[in-house]
A.B. asks: 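If you scroll down you'll find the structure; I have some questions about it.
Lettering follows sequence order; numbering is per chain, from 1.
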Amino acid sequence: MGAPIIETRGLGRDYVVGAQVVHALEGLTVSIDRGEFLAIMGPSGSGKSTCMQLLGCLDTPTAGAYLFDGEDVSLLDRDALAETRNRKIGFVFQSFNLLPRASALGNVELPLMYGRRDRRTRKEMAERALEAVGLGARIHHTPAQLSGGQMQRVAIARALVNDPLLILADEPTGALDSATGQEILALFHRLNGRGITIILVTHDAEVARAARRVLRFRDGHLVGDERIAPVADTAGASA
Amino acid sequence: MSYLDCLLTAFVALRSNLMRSVLTALGIIIGVAAVIAMVAIGAGAEQRVQSVIQNLGTNLLIVVNGSRTSGGRRTGSGTKPSLTEGDALALTKEIEAVQYSGASVGGSGQVVAGNSNWFTVFRGVANDYLDARDWAVETGRGFTPAEQRSAAKVVILGKTVALNLFGDSDPIGQSVRVNRVPFVVAGVFRAKGQSPSGMDQDDVIMMPLSSAKKRVLGGRQVRGDLVGTITVKVRSTEEVADVEEQAKDLLRRRHKIRDGQPDDFYVRNLAEMLEARAESSRIMAILLASVAGVSLIVGGIGIMNIMLVSVTERTSEIGLRMALGARSRDVMAQFVIEAVSLSIIGGLIGVMLGVAGSLLLAHLGEWPMLIDTEAILMAVAFSAAVGIFFGYYPARKAAALDPIIALRHE
Ligand SMILES: Nc1ncnc2c1ncn2[C@@H]1O[C@H](COP(=O)(O)OP(=O)(O)OP(=O)(O)O)[C@@H](O)[C@H]1O
Ligand SMILES: [Mg+2]
């Protein structure tokens, strides 16, 4: 499978709240290969989101080392982190996080704007990404004119528009009904099929079943790392 | 992120909260509008004063008789005759920078021609006076030196007088009576039109100085070679102050005034009046500028206030933008440009309102006004500067946000 895209050694993140130190994540050593489809599970407060933020270069660790795509993230400054996120990572959030005033197209163009692409390329790439998530007919709709599932598709289009190595999704189906959730999972599967590494954070064992590997956290520690044999046919894979 | 993208992003943000944007810009709008209107009206008034003085000539000195003291009461300028024709000649001869120095006496009275009559002012003038005041003869001729010496009974009519006495017929060679003394019309002046203060300058009759003194006027001014005023035209405006000093010295010597005694004449310097006007308009400008400064600063504080609210409100948006790859400077640029757009648009609306307001005032009050492009540019530039200054702090706050904290913010 080539060099791992993610490699951590003793990764930790402490939060200082007043006089108290919260060890949100401690001693995480893990290696994730390109093209993996991975779920992170664990009870609330176990450090899943903290882990995602570190892996997504949104935050820097307070302990340990993190190599992303062969690069030591602790050596990067704020702007370099921003650039890494822009070019290599796509994010999908539970609450979609779309700009309410912008159209679907405008939202999807955002990462390209910060990537300093020219307007025409931007529009073409964004349209292609929206078509890829099945929203080719809705590009001028604003979030208020879209359903939850459609909004999450816009968010996924935004995550994949810059052709990232990695998509990080924090509870992407948390705000959706199960049928819509399954459609979204099928979409992730398709993207994974194109070679994009996918990491999902979820509470839901059903959702985790879509992945080929599951990391379990408890109280900031990695307590389980199991690989699941590929399921012959995932529900809704035809979507 | 390109400037155009920043600008478009800013406009979307401003438009999405249109009412708030307008209210925020109101401070700048009102400040700029008030300044533009005040400057326009101030400049208009200033221009009117300047043109009054300009019209009289900035290189003129007018020497008038001093005041008489009777029983401790001074009776005002011109009441104690001391100036003579000799003084006028001496001024031309002895001061190099003096171009013309013409004596004159004046009065008013009824002028009759045939069965028309007209009440007007008349002046007895030396030929130098006509040159100093740029009076040009349009038809007929001026006064000859012989006529000046012999108190000839000839007059030159102002356009208005000619029209009122003779209508369309040619007045040259016709006879008119000034205060019952018969004169022959030698010429008609070219029209000068209204003076800036609204007086008809062409409502006048001129005759040789000696003729006025001997034949028309009675009383003090008749005696000897006394005259009413001496009008001095200086070669250039720069030399006026110099000539004024020299003229005073010369006249004191000629009038044998001892050191320590006051002058028995007044010299009026139009350039000096102009200078005083300019000085007071400079003070006015400084006042206006401080009013502008205060209102723009108040407007700027309003912008800063709203930008701070906006940064707090849009924390999660900022976090999202950062997650998607916005660098600190992109976020910074977004908010600074938003503040600057707000203040510049406010400034432009202010300029339009200010111009419209001063046009309206000028129209309603018939005030003169002058729209000063420099003031407009200054106002817009200043409001842009206000936007940058007061937008900087909120923008820096936004740019310094931690992406994960911003993302968590709801
Ligand atoms: N910014 C922060 N400051 C202080 N403590 C924090 C911060 N972010 C997270 N924590 C703490 O770190 C721990 C892990 O939080 P995290 O958000 O990673 O949990 P999670 O597994 O994602 O939970 P959930 O399933 O509820 O989203 C929690 O105890 C949380 O209170
Ligand atoms: Mg979480």
Side-chain angles (χ1 to χ4, degrees), chain A residues 13 15 24 49-61 76-103 106-119 122 142 144 155 158-162 164 168 170, chain B residues 1-21 306 309-338 341-342 395-410:
Chain A
R13 177 63 161 105
Y15 292 110
S49 295
T50 302
C51 176
M52 272 219 25
Q53 286 157 4
L54 288 174
L55 298 184
C57 298
L58 278 167
D59 198 7
T60 42
L76 301 180
D77 65 6
R78 262 175 84 107
D79 284 355
L81 287 173
E83 192 153 337
T84 302
R85 293 193 297 269
N86 182 258
R87 287 195 293 110
K88 300 183 177 172
I89 304 173
F91 292 91
V92 177
F93 305 96
Q94 179 173 0
S95 50
F96 322 134
N97 290 41
L98 300 176
L99 296 183
R101 310 280 170 191
S103 65
N107 271 289
V108 176
E109 280 187 25
L110 269 183
L112 302 173
M113 187 169 88
Y114 292 116
R116 280 155 285 169
R117 308 275 189 145
D118 69 75
R119 319 192 125 254
R122 226 145 80 180
T142 61
R158 184 178 64 192
L160 68 86
V161 70
N162 222 357
L168 289 167
D170 197 347
Chain B
M1 201 177 175
S2 73
Y3 285 116
L4 184 62
D5 290 328
C6 286
L7 212 59
L8 291 177
T9 308
F11 279 131
V12 169
L14 293 176
R15 209 186 46 197
S16 71
N17 237 322
L18 194 59
M19 192 60 184
R20 186 160 93 182
S21 303
I306 288 300
V309 171
S310 171
V311 168
T312 308
E313 272 180 0
R314 284 151 67 189
T315 300
S316 63
E317 176 196 321
I318 296 164
L320 173 74
R321 287 177 183 275
M322 287 175 160
L324 299 182
R327 294 160 302 171
S328 297
R329 80 182 88 133
D330 294 324
V331 175
M332 180 96 189
Q334 181 186 338
F335 281 89
V336 166
I337 287 181
E338 217 173 294
S341 307
L342 206 52
R396 211 187 55 179
K397 240 184 113 168
L401 282 174
D402 186 340
I404 60 162
I405 301 206
L407 267 174
R408 269 173 199 253
H409 189 94
E410 262 320 314

A.B. asks: When heavy-atom pairs shorter than 4.5 Å are enumerated against chain A, which of B/G319, B/A323, B/A13 gives the highest number?
C.D. replies: B/A323
A.B. asks: Return the set of residues passing salt bridge (charged side-chain N to carboxylate O under 4.0 Å, His left out) with A/R101 (not counting sequence neighbours), or none when no residue passes.
C.D. replies: none
A.B. asks: Rounded to the nearest 0.5 Å, what separation is found between the CG atom of B/L324 and the CG atom of A/N162?
C.D. replies: 10.0 Å
A.B. asks: Would A/V161 and A/R122 satisfy side-chain contact (heavy atoms from CB on, under 4.5 Å), going step by step from the backbone distance to the final call?
C.D. replies: CA-CA 9 Å; A/V161 70; A/R122 226 145 80 180; over 6 Å; no
A.B. asks: Can you list everything that forms a side-chain contact (heavy atoms from CB on, under 4.5 Å) with A/T142? Sequence neighbours excluded, please.
C.D. replies: A/A144, A/Q145
A.B. asks: Counting only heavy atoms closer than 4.5 Å, note whether B/L8 contacts chain A via side chain, backbone, both or neither.
C.D. replies: side chain
A.B. asks: Using a 4.5 angstrom heavy-atom cutoff, name the option from B/M322, B/R314, B/R321 with the most pairs to chain A.
C.D. replies: B/R321
A.B. asks: Can you list every side-chain hydrogen bond (donor to acceptor under 3.5 Å, both in side chains) pair that touches residues 10-20 of chain B, not counting sequence neighbours?
C.D. replies: B/R20-B/E313
A.B. asks: Is there a side-chain contact (heavy atoms from CB on, under 4.5 Å) between A/R158 and B/L320? Walk through the geometry before answering.
C.D. replies: CA-CA 12 Å; A/R158 184 178 64 192; B/L320 173 74; 3.5 Å; yes
A.B. asks: Measure A/R87 against the heavy atoms of chain B and call it side chain, backbone, both or neither at under 4.5 Å.
C.D. replies: neither
A.B. asks: Using a 4.5 Å heavy-atom cutoff, which residues in residues 329-337 of chain B come close to chain A?
C.D. replies: B/R329, B/D330, B/Q334
A.B. asks: Does atom CZ of A/R78 have more than 12 heavy-atom neighbours from other groups under 6.0 Å away?
C.D. replies: yes
A.B. asks: I need the B/I404 CD1 to A/D59 CG distance, nearest 0.5 Å.
C.D. replies: 3.5 Å
